[in-house]
Amino acid sequence: MILGITGGFGCGKSSVLHFFELHDFFVLDADAVCHSFYAEKVPELMKCIRCNFGENMFLPDGDIDRKALGQKLFKQPEKMKLLTDVIYPLLTAKIKAAIAECRRNGKNGAFELPLLYEAGFEQCFDKILAIWCPNELRKKRLSGRNFQPDEVVRRDRMQLPVSEKMERADFAVINSGSREQLTEQMEKLLQTMIK
């Protein structure tokens with residue numbers, strides 16, 4: 001099975017992905033892959049940033065000043081498409097290659113994509129799992145990870161409401177309790193999924 005995992009910012013997608021990794025799934029975190037494009041200074045991405053956001057987005061060592069770029073995007077969210085037009089094809093190629101490798105090797109795969117529906121990735125997966133948690137709990141978790149309220153708002157604006165993701169997904173998990181309760185839910189769900 002090739003599973004896509006989505007849900008709201010701070011709902012516990014990474015914990016769910018880790019669960020699948022412990023159960024011998026190949027796992028891929030789309031955010032980590034996207035971050036690697038910046039770290040590797042992918043030429044078309046560097047050109048896009050330089051041309052559309054300016055030289056002041058670059059640190060002295062040539063790395064992108066991710067904080068400055070994030071602030072600019074918060075003020076001008078319409079410019080996000082300039083980046084996604086470069087990043088999504090690169091990400092799509094990585095995801096499709098990883099899925100093909102899983103299928104070749106007969107291995108289950110779990111892929112965490114916060115913007116799975118927004119970016120049109122749903123056709124890549126056999127099934128989709130959406131993760132939800134109450135808004136107050138989500139904010140508490142995120143503040144514990146040093147996310148500022150304006151960053152949470154910016155990310156939320158980029159995503160479909162989690163309720164819509166839950167409706168569209170094949171499976172849904174409510175992550176409102178302890179890590180142990182989440183694991184218990186996931187154990188039951190895994191038995192259903194791989195019958």
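A single hydrophobic cluster is not seen to contain both W132 and V16; linkage of ILVMFWY side chains at heavy-atom distances under 4.5 Å, directly or through other members, places them apart. Following chains of ILVMFWY side-chain contacts shorter than 4.5 Å, one cannot reach F171 starting from V162, and the two form parts of different hydrophobic clusters. Note on M186 and M1: same hydrophobic cluster, where clusters join Ile, Leu, Val, Met, Phe, Trp and Tyr whose side-chain heavy atoms are under 4.5 Å apart, directly or indirectly.
You'll find the side chain of L190 reaches within 4.5 Å of the side chain of F20, heavy atoms only. I95 is not listed as a side-chain neighbour of V33, based on a closest heavy-atom distance of 4.5 Å or more. Here the side chains of E40 and L45 are not in contact, with every heavy-atom distance at 4.5 Å or above.
Using modelled atom types, one side-chain atom of Y117 and one backbone atom of A169 make a donor-acceptor pair closer than 3.5 Å. Using modelled atom types, no side-chain atom of Q71 and backbone atom of A68 make a donor-acceptor pair closer than 3.5 Å. Checked by atom type and distance alone, the side chain of K107 pairs as donor or acceptor with a backbone atom of D24 at under 3.5 Å. A donor-acceptor pair is defined here as one N or O able to donate and one able to accept, closer than 3.5 Å; no such pair exists between the side chain of N108 and the backbone of F25. Side-chain N or O atoms of N105 include one that pairs as donor or acceptor with a backbone N or O of E101 at under 3.5 Å.
The two residues G12 and I131 come nearest to each other via the heavy atoms C-CG2, 4.4 Å. Heavy-atom minimum distance, C124 versus R103: O-NH2, 4.3 Å. Between N175 and C11 the shortest heavy-atom distance is ND2-O, 2.9 Å. The minimum heavy-atom distance between L113 and T6, with the atom names listed, is O-OG1, 3.0 Å. Residues L116 and I5 approach most closely at CD1-N, 4.1 Å, considering heavy atoms. In terms of heavy-atom proximity, G109 sits nearest to C102 at CA-SG, 4.2 Å.
In this structure, R50 places its CZ atom where more than 12 heavy-atom neighbours from other residues, nucleotides or ligands lie under 6.0 Å away. Counting heavy atoms of neighbouring residues, nucleotides and ligands inside a 6.0 Å radius, atom CD of E44 exceeds 12 of them. Heavy-atom neighbours of K79 NZ from other residues, nucleotides or ligands within 6.0 Å: above the threshold of 12. A 6.0 Å sphere centred on NZ of K47 holds no more than 12 heavy atoms belonging to other residues, nucleotides or ligands. Residue K72 places its NZ atom among more than 12 non-hydrogen atoms of other residues, nucleotides or ligands, all under 6.0 Å distant. Residue-environment remark: CD1 (I174) stays at or below the threshold of 12 foreign heavy atoms within 6.0 Å.
For the atom pair OG1 (T84) and CE (M80), the distance works out to 7.5 Å, reported to the nearest 0.5 Å. A distance of 10.5 Å separates CZ in F58 from CG in D65, rounded to the nearest 0.5 Å. From L28, atom CG reaches atom CG of L17 across 8.0 Å, with rounding to the nearest 0.5 Å. Here CD of E112 is found 6.5 Å from CG of D31. Values are rounded to the nearest 0.5 Å. Taking OH from Y38 and CG from L69, the interatomic distance works out to 5.5 Å, rounded to the nearest 0.5 Å. Separating the CZ atom in F26 from the CG atom in L3 is a distance of 13.0 Å, to the nearest 0.5 Å.
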Apply side chain to side chain contact (heavy atoms under 4.5 Å, CB included) to residues K94 and F37 and explain how you reach the verdict. CA-CA 11 Å; K94 288 259 188 192; F37 299 148; 3.9 Å; yes
Please assess I128 against R168 for the test side chain to side chain contact (heavy atoms under 4.5 Å, CB included), listing each intermediate value before the final yes or no. CA-CA 8 Å; I128 294 171; R168 292 172 66 174; over 6 Å; no
For D126 and D170, run side chain to side chain contact (heavy atoms under 4.5 Å, CB included): C-alpha distance rounded to whole Å, both residues' side-chain angles, the deciding distance at 0.1 Å, then the answer. CA-CA 9 Å; D126 300 329; D170 300 288; over 6 Å; no
Worked check of side chain to side chain contact (heavy atoms under 4.5 Å, CB included) between L59 and I64: CA-CA 6 Å; L59 295 167; I64 299 295; over 6 Å; no
Derivation and outcome, salt bridge (charged side-chain N to carboxylate O under 4.0 Å, His left out), residues K165 and E118: CA-CA 10 Å; K165 294 182 182 193; E118 297 84 344; 3.2 Å; yes
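Checked options K13, M166, Q185; the residue passing with V173 is Q185 (criterion: side-chain contact (heavy atoms from CB on, under 4.5 Å)).
A ring-centre distance under 6.0 Å is not found for F121 and F111.
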